[in-house]
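Shown next, in structure tokens, is the structure this report addresses.
Everything numeric in this text was worked out from a predicted model, so none of it was measured.
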Amino acid sequence: MCESKNKKYEINKKKLKQLENILKLLVMPKGLKAGQTLYECTTGYQWLFYTAIFCTVFRDNPKKRRYETGVLEICRKNFKTFTIATIFILLFLTELKFSKFYSVAPDGALSREIRDAIGETIRSSPLVYEFSGVKRFKVLKDYIMFLPKRIQYIPLSYSTSRMDGRLPNTFMADEVGALPTNYAIEAMRSGQLKILN
């Protein structure tokens, strides 16, 4: 696919360039590489994950992504939460108007870790956070909204009844093995039936 030899799929080079440009605007909020751009800090597995998810498309329909599910299974303290937060930020800046994003975890504290990572990153990235002195993101306890496109991200904790009726463009399930049932995942997936990606 990377060499454009696959008959069914290809790498959308325009989309890849867009991701690279966004990562050059985002700034690492804390840690050993605080102040550097995410472009400089992104590791090999993260590049593979971002490229596979966002840039691998059908040749006959470049707007349709090949992969609808990305599974990140990696040992502790390898920036899983930060990687997922970065994916949500990329989605804020590239998805369609009025999109909805959710994270689902066994408890609210886990789900809010992603919200915190998103908030810290965008607040550390002035070229993304503001435009001509006007804030582009609303970061609240219960949600984050990208104001120009009215795109909203909501962290959810596990429930057996409150997830039906949601229409997520994207959702992330964290600590799936600790969820008592697969209800949350099935409810989120069923809400995506009429969404292209």
Side-chain angles (χ1 to χ4, degrees), residues 11-29 37-39 42 46 49-58 61-70 72 81-105 111-156 162-174 187-197:
I11 301 297
N12 183 331
K13 302 230 174 4
K14 184 177 175 185
K15 189 70 168 178
L16 182 58
K17 188 68 180 165
Q18 180 187 37
L19 295 188
E20 289 174 350
N21 289 336
I22 293 170
L23 292 173
K24 288 175 183 177
L25 297 176
L26 295 171
V27 177
M28 186 68 80
T37 68
L38 264 59
Y39 181 84
T42 299
Q46 291 168 317
F49 207 57
Y50 302 154
T51 304
I53 289 171
F54 288 105
C55 306
T56 308
V57 297
F58 285 80
N61 183 4
K63 291 184 178 182
K64 172 92 173 112
R65 297 185 198 123
R66 176 181 181 181
Y67 300 108
E68 293 181 352
T69 302
L72 182 57
T81 300
F82 193 77
T83 300
I84 300 306
T86 302
I87 287 172
F88 277 121
I89 295 169
L90 292 169
L91 288 164
F92 273 125
L93 300 170
T94 61
E95 283 295 285
L96 300 172
K97 272 185 171 182
F98 309 113
S99 294
K100 295 261 197 243
F101 311 143
Y102 298 94
S103 59
V104 178
S111 200
R112 284 189 297 274
E113 283 182 27
I114 293 166
R115 187 214 52 213
D116 293 343
I118 294 170
E120 289 169 358
T121 303
I122 59 178
R123 285 182 171 138
S124 299
S125 308
L127 295 174
V128 173
Y129 188 53
E130 292 184 36
F131 182 74
S132 297
V134 177
K135 288 184 180 149
R136 301 171 74 200
F137 284 88
K138 183 188 251 184
V139 181
L140 300 174
K141 181 180 149 193
D142 296 331
Y143 67 90
I144 296 174
M145 181 173 283
F146 181 53
L147 297 168
K149 291 183 173 184
R150 307 303 291 176
I151 295 175
Q152 192 173 31
Y153 159 74
I154 303 166
L156 301 171
R162 295 181 302 134
M163 304 218 179
D164 293 321
R166 299 187 189 264
L167 301 171
N169 292 69
T170 300
F171 77 93
M172 188 284 305
D174 195 9
M188 288 286 144
R189 278 199 190 280
S190 67
Q192 293 183 311
L193 293 176
K194 298 193 186 242
I195 293 173
L196 179 66
N197 289 309

Quick one: do R65 and E95 make a salt bridge, cutoff under 4.0 Å? yes
Rounding to 0.5 Å, atoms SG (C55) and NZ (K13) come to a distance of 10.0 Å
The ring-ring contact (aromatic ring centres under 6.0 Å, His included) partners of Y153 (sequence neighbours excluded) come to F88
Out of curiosity, E68 CD to I195 CD1, how far, rounded to the nearest 0.5 Å? 10.5 Å
Pairwise side-chain contact, T37 with L23, heavy-atom cut-off 4.5 Å (strictly under): no
Y143: ring-ring contact (aromatic ring centres under 6.0 Å, His included) partners, not counting sequence neighbours: none
Is there side-chain contact between F137 and I118, with heavy atoms separated by less than 4.5 Å? no
Does K24 count as lying over the ring of Y39, i.e. NZ or CZ under 6.0 Å from the six-ring centre, within 45 degrees of the axis? yes
Would you say the side chain of L196 lies within less than 4.5 Å of the side chain of K63, judging by non-hydrogen atoms? yes
Which residues satisfy the side chain to side chain contact (heavy atoms under 4.5 Å, CB included) test with K149, sequence neighbours excluded? K97, F146, I151
Partners of E130 by side chain to side chain contact (heavy atoms under 4.5 Å, CB included), sequence neighbours excluded? K135
Rounded to the nearest 0.5 Å, what separation is found between the CG atom of L26 and the CG atom of N21? 11.0 Å
Begin with the C-alpha distance, continue with both residues' side-chain angles, and end with the deciding distance and a verdict on side-chain contact (heavy atoms from CB on, under 4.5 Å) for M172 and V104. CA-CA 6 Å; M172 188 284 305; V104 178; over 6 Å; no
N/O donor-acceptor pairs under 3.5 Å from side chains in residues 121-128, not counting sequence neighbours:
{"residue": "T121", "atom": "OG1", "partner": "A117", "partner atom": "O", "Å": "2.8"}
{"residue": "S124", "atom": "OG", "partner": "E120", "partner atom": "O", "Å": "2.7"}
{"residue": "S125", "atom": "OG", "partner": "V27", "partner atom": "N", "Å": "2.7"}
{"residue": "S125", "atom": "OG", "partner": "T121", "partner atom": "O", "Å": "2.7"}

Indicate yes or no for a side-chain donor-acceptor contact from R136 to the backbone of P148 under 3.5 Å, with no hydrogens or angles considered. no
Could you walk me through whether F54 and L91 pass the side-chain contact (heavy atoms from CB on, under 4.5 Å) test, one step at a time? CA-CA 9 Å; F54 288 105; L91 288 164; 3.5 Å; yes
Between F82 and I87, is any pair of side-chain heavy atoms under 4.5 Å apart? no
Compare all side-chain heavy atoms of N197 with those of R66 and state whether any distance is below 4.5 angstrom. no
For a 4.5 angstrom cut-off between non-hydrogen side-chain atoms, does L156 reach I154? yes
Under the side chain to side chain contact (heavy atoms under 4.5 Å, CB included) rule, collect the residues that match up with Y67, sequence neighbours excluded. M1, A52, T56
Looking at CZ of F92 and OG1 of T170, how far apart are the two atoms once the value is rounded to the nearest 0.5 Å? 10.5 Å
